[in-house]
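The figures here come from the full heavy-atom set of this structure, side chains too, leaving out hydrogens, waters and symmetry mates. Below, chain A is the first sequence line, B the second, and so on; all start at residue 1. Computed from a prediction, not measured in an experiment: that's the story for all the values here.
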Amino acid sequence: MKKYISPSLRLTLVLIVLLAVIYPLLIAAIGKLTPGGGDGERIVVNAKVVGYANVGQKFSDDKYFQGRPSAVDYNAAGSGASNKGATNPDYLKTVQDRIDTFLVHNPGIRKEQIPVELVTASGSGLDPDLSPLAAKVQVKRIAALRHIDENKLNELIDQQTKKPLLGLFGPATVNVLKLNIALDASKK
Amino acid sequence: MNTEITGIVVSFLLTVLLAFPLGKYIAKVFNGDRTFTDFMNPLERFIFRLSGIDPNKKMNWKEFLKAMLTINLVWFVYAFFMLLYQDKLPLNPDGNPGQTPDLSFNTAISFLVNCNLQHYSGETGVTYLTQTLVLMFLQFVSAATGIAALIGLLNGIKEKTTNNLGNFWKIFVKTITRILIPLCIIMAVIMAFNGSPTSYKGKDTITTYQGDTVSVSRGPVAGFVAIKHLGTNGGGWFGTNSAHPLENPNYLTNMVEIIAQVLIPVAMLFAMGFYIRRKKFAYVVFGVMTIGMLCLLIPTVVTELNGNPEIAKMGIAQPTGAMEGKEVRFGPAASAYWSIVTTIISTGSVNSFHDSSMPVSGAMQLLGMMVNAFYGGCGVGFLNYYIYIIIAVFISGLMVGRTPEFMGHKVEAREVKIAALVTLLSAFLIKGGVALAAYFVAHHPDIAWAVKPSAWLNNPGYHGFSEMLYEFTSANANNGSGFEGLGDNNTFWNVSTGFVLILARFIPIIGPIAIGGILANKKYIPESAGTLKTDSLTFGVMTFAVIVIITALSFFPALTLGPLAEYFQIGR
């Protein structure tokens, strides 16, 4: 065993420098060229940073499109999921409560119109997106509160919808933060 | 066809399409043929010189293993102390604390053995220094260790009679310089341009659009995510792993990460075919593994797309499928696909939370880890499969009444004993561990550990049992994913899974290499009409049957208490 110790120690040191220092620094240097400069892509409105494009944030006002429930209340310094099992009675009660709350806040919507993503917590607790359907089910509420035509809001959602990758792969999504920024802008 | 399904079909096809040329390239690298990465030669010579290594020295199987185990021990000691004292070391912009001794024991081992169970959360449990200098470093070297072990075994199979498995150091270093680094750089750049952070800046405090003050964790994520997947490690930079929008920003990165984690395990199979010049054998192995994967994948995708029957009863719409613990930008199909890929390969990264998967999916994820050889981890996947082959050869031999042979060498009592021990080990570690944990939950719920046994389980009933079963299965498979509701950061789980991790990593590496070494030493028997053809379809079916039978015998009772019982309960 002894004759392997010295090469082991020395090789370890060399590889730490190569793999854990040089490699990430190289990537950091390349990252400078990316949108956001490697610090994460931020969204600025009126010269003020209002959030990260990819990191979901909380909207509690009924005048805005609201994202999905979050197990960590959109705490971006401590992501987390609910980890609730599909048959857990407490969990199912939480879902039922969310459905009831949604119906109260969205008059005129029947429960079979509510997409499941609006009453279930995301994986990261920071899901930035909704499906177009989950955004559109909120149109009636927002149109009434803001006195905007429903069709106009639906068009807004269509404009903000990100199509599947190359039109072929994966679901279509709407970024909630960008949608709400566009919503405020359209009012003017 | 709907875009979610096309997404996963194309992901798989692309994986195979890329793995084939990569496999050819890997075979060339270890054959010493000329490749386009020969510009790495001077770097490799420099590394060997600095480390005082003679890369041309031959090693028999015992020397090969000694070199491998010694350097692994060095890494363990290094990682343990770094994690323990990380709060006193630099590069800790978020001011995170040091790890407790039992947690750093668990973390060090778990990254050492390519598992990456994470009983801490990335945002708060480690520092930028330990994330890069310890965890990311171990992600590189543990993957390279697995690949080197496989190449050692193949060196034994390749020659008619030999006691030379090649030079461990040379194979190991070349794995890093010729395979891992180039692929990682490509992938990290893709990640960076799609929105994964790369800088070392700490948390950013911002005011959100509606006026809340929120801190956003960041860090050099892109490079980490690359090796996390290419090396089938799976440990995430952030607590929620690849569900986190900075660790997996969009569907494109999701496809890249899904492809990256399967790429090297599949490429190693093709590489084997070229390397030992038995292509048909490699294709049959690939076929058996693919069928195994599909058996687990299809039920999972169907179940997740159908949604949760309990929620269906409430009368709302599940147009896409089950969404608890899943992200909208991936959708249930890609989440289901990932959950199977990550459990059959020993990655263990997640893009959705398995604790909230449907019971059938949970059972499939568990089975993927219990078999642990449908592609399997970097290098070690085939080592596990090799054990099943030895047993299949033995059983076939008994059935036709001849001495079993594999690749021109007689398989005798000693080899079969080793193979049987390795197989029995996983059943013992998983079920023994779960039994012990269940005992504490049932009889000593109030022991003063950091998390009391009464508070371990995040879900009641059968699903709670599944949480414990999953944790030990994941540790034994060196997988690293979890039913994350489990309160696992305490002495019991840190220590018990720590020991399971070590045993379940090194014994299934030592076993096959010992068998390979012993077989290679034996006299070569040329093939005759009576030889069992191990590259035939029949033998592929035979191996598959052996896998099914061993897994069923070992784990069926445990599965009935967890996910199967839950399945019969759901929607009733």
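- Here A/G123 is the residue among A/A20, A/G123, A/G125 with the most heavy-atom pairs under 4.5 Å with chain B.
- Only the side chain of A/L165 has a heavy atom closer than 4.5 Å to any heavy atom of chain B.
- For A/R110, the salt bridge (Lys or Arg N to Asp or Glu O under 4.0 Å) partners are A/E112, not counting sequence neighbours.
- Proximity to chain B is limited to the side chain of A/K162, based on heavy atoms less than 4.5 angstrom apart.
- Side-chain contact between A/L15 and B/F140 is absent, with no heavy-atom pair separated by less than 4.5 Å.
- With respect to chain B, the highest number of heavy-atom pairs below 4.5 Å among A/L118, A/V95, A/T120 belongs to A/T120.
- Only the backbone of A/L130 has a heavy atom closer than 4.5 Å to any heavy atom of chain B.
- For residues 167-176 of chain A, a heavy-atom distance under 4.5 Å to chain B picks out A/G167, A/L168, A/F169, A/G170, A/P171, A/T173, given by residue number.
- Heavy-atom distances place the side chain of A/L18, and not its backbone, under 4.5 Å from chain B.
- Stacking of B/R218 on the aromatic ring of B/Y200 is not recorded, the 6.0 Å distance cut-off and the 45° axial limit not both being met.
- The candidate from B/A192, B/G485, B/G325, B/G7 with the greatest count of non-hydrogen atom pairs under 4.5 Å with chain A is B/G325.
- Of the listed residues A/S131, A/G31, A/G85, the one with more heavy-atom pairs under 4.5 angstrom with chain B than any other is A/G85.
- A side-chain donor-acceptor contact under 3.5 Å links B/S196 to the backbone of B/L246.
- The backbone N or O of B/V134 lies less than 3.5 Å from no partner atom in the side chain of B/T130, so there is not a single donor-acceptor pair.
- With a 4.5 angstrom heavy-atom cutoff, A/P164 touches chain B only via side-chain atoms.
- A donor-acceptor pair under 3.5 Å is formed between the side chain of B/E467 and the backbone N or O of B/N458.
- For B/F238, the ring-ring contact (aromatic ring centres under 6.0 Å, His included) partners two or more places apart in sequence, or in a different chain, are B/H244.
- Using a 4.5 Å heavy-atom cut-off against chain A, the contacting residues of residues 307-316 of chain B are B/N308, B/E310, B/I311, B/M314, B/G315, B/I316.
- Side-chain polar atoms of B/E327 and A/S124 form a donor-acceptor pair below 3.5 angstrom.
- Using a 4.5 Å cut-off between heavy atoms, A/F59 touches chain B through backbone and side chain atoms alike.
- Per-residue counts of heavy-atom pairs under 4.5 Å with chain B were compared for A/A81, A/A53, A/P115, A/S79; the largest is that of A/S79.
- Listed options A/P128, A/G51, A/A77, A/A134 were ranked by heavy-atom pairs under 4.5 angstrom with chain B; first place goes to A/A77.
- For the pair B/E304 and B/S335, the minimum side-chain heavy-atom distance is 4.5 Å or more.
- The side chain to side chain contact (heavy atoms under 4.5 Å, CB included) test with B/F48 singles out one residue from B/D54, B/V173, B/L43, and that residue is B/V173.
- Contact of A/L177 with chain B is made through the side chain alone, with heavy-atom distances under 4.5 Å.
- The pair A/K58-B/D212 does not count as a salt bridge, with every side-chain nitrogen at least 4.0 angstrom from each carboxylate oxygen.
- Note on B/S215, B/P319, B/P249: by heavy-atom pairs under 4.5 Å with chain A, the leading option is B/S215.
- Side-chain atoms of B/T320 and B/E4 form no donor-acceptor pair, as typed in the model, at a separation below 3.5 Å.
- Residues B/M323 and A/D127 have side chains not in contact (no heavy-atom distance under 4.5 Å, counting atoms from C-beta outward).
- Contact annotation for B/F46: neither backbone nor side-chain heavy atoms come within less than 4.5 Å of a heavy atom of chain A.
- With a 4.5 angstrom heavy-atom cutoff, B/I181 touches chain A only via side-chain atoms.
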